[in-house]
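For reference, the structure discussed in these notes is given below.
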Amino acid sequence: MLDIRLLRETPDLVKQRLAGRDAGLMAVVDEILRIDAARRAAETERQALQGDRNRNSKEIGFGRKNGEDTSAKEAEVKGIGQRIDQIGQEADAADQRQRELLLGLPNLPHEGCPVGETAEENPEIRRWGEVPTFDFEPRDHVALGQALGMIDFEAGAKITGSAFVVYRGDGARLERALISFLLDLHTREHGYVEISPPLLVRAEALVGTGQLPKFGDQVYHCGEDDLYLIPTAEVPVTNLHREEIVKPEQLPIQYAAYTPCFRREAGSAGLGTRGLIRMHQFDKVELVHIVKPEESMAVLEALTGHAETVLQRLGLHYRVIELCTGDLGFGSARTYDIEVWAPGQGAYLEVSSCSNFGDYQARRMNLRYKDEAGKNRFCHTLNGSGTALARLYVALVETYQQADGSLLLPEVLRPYFGGERIG
RNA sequence: GGAAGGGUGGCUGAGUGGUCUAAAGUACCUGACUCGAAAUCAGGCGUGGGGGCAACCUCACCGAGGGUUCGAAUCCCUCCCCUUCCGCCA
């Protein structure tokens with residue numbers, strides 16, 4: 001959520017920055033400012049009337065104690081009460097409308113964010129390693145996984161539906177090995193505290209991180225209990241500190257969490273994608289930072305580095321791109337995507353998206369810290385995948401396939417898997 | 001699922017219709033005393049909104065939302081959460 005004061009004081013700057021995402025947002029800013037002016041006028045009048053009522057009611061109290069007849073005054077104050085109700089309804093309606101519009105407004109792109117309209121304009125920042133070569137025709141993970149009995153799409157479809165999968169035998173064991181490897185790496189070497197959160201959350205948590213109200217159709221909802229399945233661990237983990245004023249010495253906070261993630265992918269063109277690439281349920285290790293504002297840009301670089309380390313240790317070729325203003329996620333001020341090479345796809349797959357949200361989420365969830373001067377300020381929040389498991393699995397299986405159809409696992413995974421070869 | 005008891009400032013906790021401007025304690029900050037500290041004493045010390053160039057003024061907030069009333073932390077209704085016990089259960 002953006003600071004209404006920022007809109008009021010520098011409307012042209014806000015409009016110009018939002019226009020990098022979508023020119024239509026400029027009209028929304030004007031609408032919010034119009035409502036804000038009306039809201040404040042109504043609020044000021046309501047407060048004046050409330051002050052009147054408070055004074056008069058107090059006099060009635062004293063008057064009654066002294067045995068005076070206060071009925072005339074009571075009638076007068078009743079009239080004031082009615083006017084308070086009237087003007088109050090106006091003020092509340094404007095307040096609610098203003099909040100709705102503000103919640104629907106995306107974050108301002110950071111000034112360093114490259115301007116562009118589509119994903120084609122995302123600049124590549126760097127590459128690591130090289131596209132692996134094969135002296136045979138590499139197969140894709142679907143063919144490999146089925147041949148090795150690791151992945152069973154039919155079983156997933158049978159018990160749940162399409163875009164759900166069953167991992168089996170060594171396939172399931174490999175996923176478990178990856179999870180342990182990732183959590184150990186981030187907690188032991190990168191200083192994260194491991195979190196295992198609930199997978200069901202209330203609506204407020206989703207409002208806090210920005211999925212609600214705008215993207216409700218992407219989240220599974222359990223109507224009976226009014227709870228939502230998390231689309232990412234970002235939601236429960238960032239919200240651990242919602243409505244808090246953390247002490248400066250608690251910062252920076254950094255959490256790593258392994259969870260399944262559930263996404264409806266409503267209207268997604270890519271849901272027909274073959275294999276594990278886009279699923280309704282997938283596993284992910286998520287990294288979350290809560291920091292002081294002045295540190296957040298440096299932390300974004302560090303966070304991206306932590307995610308990259310995963311691919312380096314696994315010996316997987318990847319590239320890092322930066323999202324341009326038109327492709328930037330709703331709440332993000334600046335984002336790096338990490339894309340791993342998948343030989344069977346002949347393409348790069350997004351396995352991590354590392355974002356600095358600035359104070360956008362913190363404002364939505366009222367997450368603050370007390371600075372050195374004792375003043376309450378909004379924290380900055382960041383998160384990045386470290387990494388998504390399903391696509392990592394794709395790249396791993398396709399990269400480490402052998403001519404005989406078996407998989408030879410990279411060194412780092414062998415102790416976790418309890419072996420070096422599958423098949 | 002059933003029963004009971006709760007939810008008040010960072011924390012403990014008083015307050016059952018009107019000087020509540022929420023007592024008191026504690027923690028914290030400043031000052032006094034002291035060589036210094038402790039103890040003691042004095043003062044300060046919540047969040048958000050609105051107004052003002054500003055010192056400041058003002059409104060709201062006692063789990064949330066409604067209601068009754070001239071007036072609600074206090075009475076009524078609905079909901080949420082926590083604790084304890086019982087039942088069921090991995």
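Order of the sequence lines sets the chain letters (A, B, ...), proteins ahead of strands, with each chain counted from 1.
A donor and an acceptor atom, one from each side chain of A:His221 and A:Asp226, are located under 3.5 Å apart.
Of the candidate nucleotides B:G50, B:U47, B:C70, B:C70 has the atom lying nearest to any side-chain atom of A:Ile60. When distances are taken from the side chain of A:Lys58 to each of B:A60, B:U21, B:G50, the shortest belongs to B:U21. The side chain of A:Arg53 has B:G71 as its nearest neighbour among B:G71, B:U47, B:G50. Across B:G51, B:C70, B:A60, the shortest atom-to-atom separation from the side chain of A:Asn54 is found for B:A60. Comparing atom distances between the A:Arg202 side chain and each of B:G50, B:G48, B:C81 picks out B:C81 as nearest. Distances were taken from every side-chain heavy atom of A:Val77 (C-beta onward) to each of B:G50, B:U47, B:C70; the shortest belongs to B:C70.
A:Arg64 comes within 4.0 angstrom of a nucleotide base, judged by non-hydrogen atoms across all strands. Using a 4.0 Å heavy-atom distance criterion, A:Arg363 is classed as making no nucleic acid contact.
A salt bridge links A:Asp36 to A:Arg39: at least one charged side-chain nitrogen sits closer than 4.0 Å to a carboxylate oxygen. Note on A:Lys284 versus A:Glu286: salt bridge recorded, some NZ/NE/NH1/NH2 to OD/OE distance being below 4.0 Å. Ionic pairing of A:Arg40 and A:Glu43 is not present here: no N-O contact between side-chain nitrogen and carboxylate oxygen is shorter than 4.0 angstrom. By the 4.0 Å N-to-carboxylate-O rule, A:Arg8 lies too far from A:Asp3 to be salt-bridged with it. Between A:Arg368 and A:Glu244, no side-chain nitrogen of the basic residue sits less than 4.0 Å from a carboxylate oxygen of the acidic one, so the salt-bridge criterion is not met.
Here B:C80 presents its C1' atom at 9 Å from CD of A:Glu204, a figure rounded to the nearest Å. Atom-to-atom, CD of A:Glu243 to C1' of B:C61 comes out at 13 Å; the value is rounded to the nearest Å. Following rounding to the nearest Å, A:Ile80 (CD1) and B:C59 (C1') show an atom-to-atom distance of 15 Å. Whole-Å rounding puts the A:Leu49 CG to B:G50 P distance at 18 Å. Between A:Phe62 atom CZ and B:G17 atom P the separation is 17 Å, expressed in whole Å. Rounded to whole Å, atom P of B:G18 lies 15 Å from atom CD of A:Glu74. Between the CD atom of A:Glu43 and the P atom of B:G48 there is a distance of 16 Å, given to the nearest Å. Following rounding to the nearest Å, A:Asp36 (CG) and B:G50 (P) show an atom-to-atom distance of 7 Å.
Figure legend. B:C28 is base-paired to B:G44; pairs are counted as Watson-Crick or G-U wobble with both atom distances under 3.5 Å. Nucleotide B:U78 has B:A64 as its partner under the Watson-Crick or G-U criteria, with both atom distances under 3.5 Å. Taking a pair to require two hydrogen-bonding distances under 3.5 Å in either a Watson-Crick or a G-U wobble arrangement, B:A72 remains unpaired.
Taking the ring centroids of A:His380 and A:Tyr369, they lie at or beyond the 6.0 Å cut-off. For A:Phe330 and A:Phe215, the distance between ring centers is under 6.0 angstrom.
Distances shorter than 4.0 Å separate none of the side-chain N or O atoms of A:Arg368 from OP1 or OP2 on B:G46. In this structure, A:Asn56 does not reach the B:G71 phosphate: none of its side-chain N or O atoms is under 4.0 Å from OP1 or OP2. Checking the phosphate oxygens (OP1, OP2) of B:C70, a side-chain nitrogen or oxygen of A:Lys78 falls inside 4.0 Å.
For B:A23 and B:U8, the P atoms lie 16 Å apart once the distance is rounded to whole Å. With C1' as the reference atom, B:C75 and B:G18 are 15 Å apart, rounded to whole Å. With both ends at atom P, the span from B:C57 to B:C33 equals 31 Å, rounded to whole Å. Across the C1' atoms, B:G13 and B:G7 are found 13 Å apart, a figure rounded to whole Å. Taking the P atom of each, B:G1 and B:U74 are spaced 29 Å apart, rounded to whole Å. Atom C1' of B:U34 sits at a distance of 48 Å from the matching atom of B:G50, rounded to the whole Å. Between the P atoms of B:A73 and B:U16, the separation comes to 13 Å (whole Å). Across B:U19 and B:A32, the matching C1' atoms stand 33 Å from one another, rounded to whole Å.
Annotation: ring-ring contact (aromatic ring centres under 6.0 Å, His included) contacts of A:Tyr255 (sequence neighbours excluded): A:His241.
For the segment residues 90-100 of chain A, the set of residues with a heavy atom within less than 4.0 Å of an atom of RNA chain B is empty.
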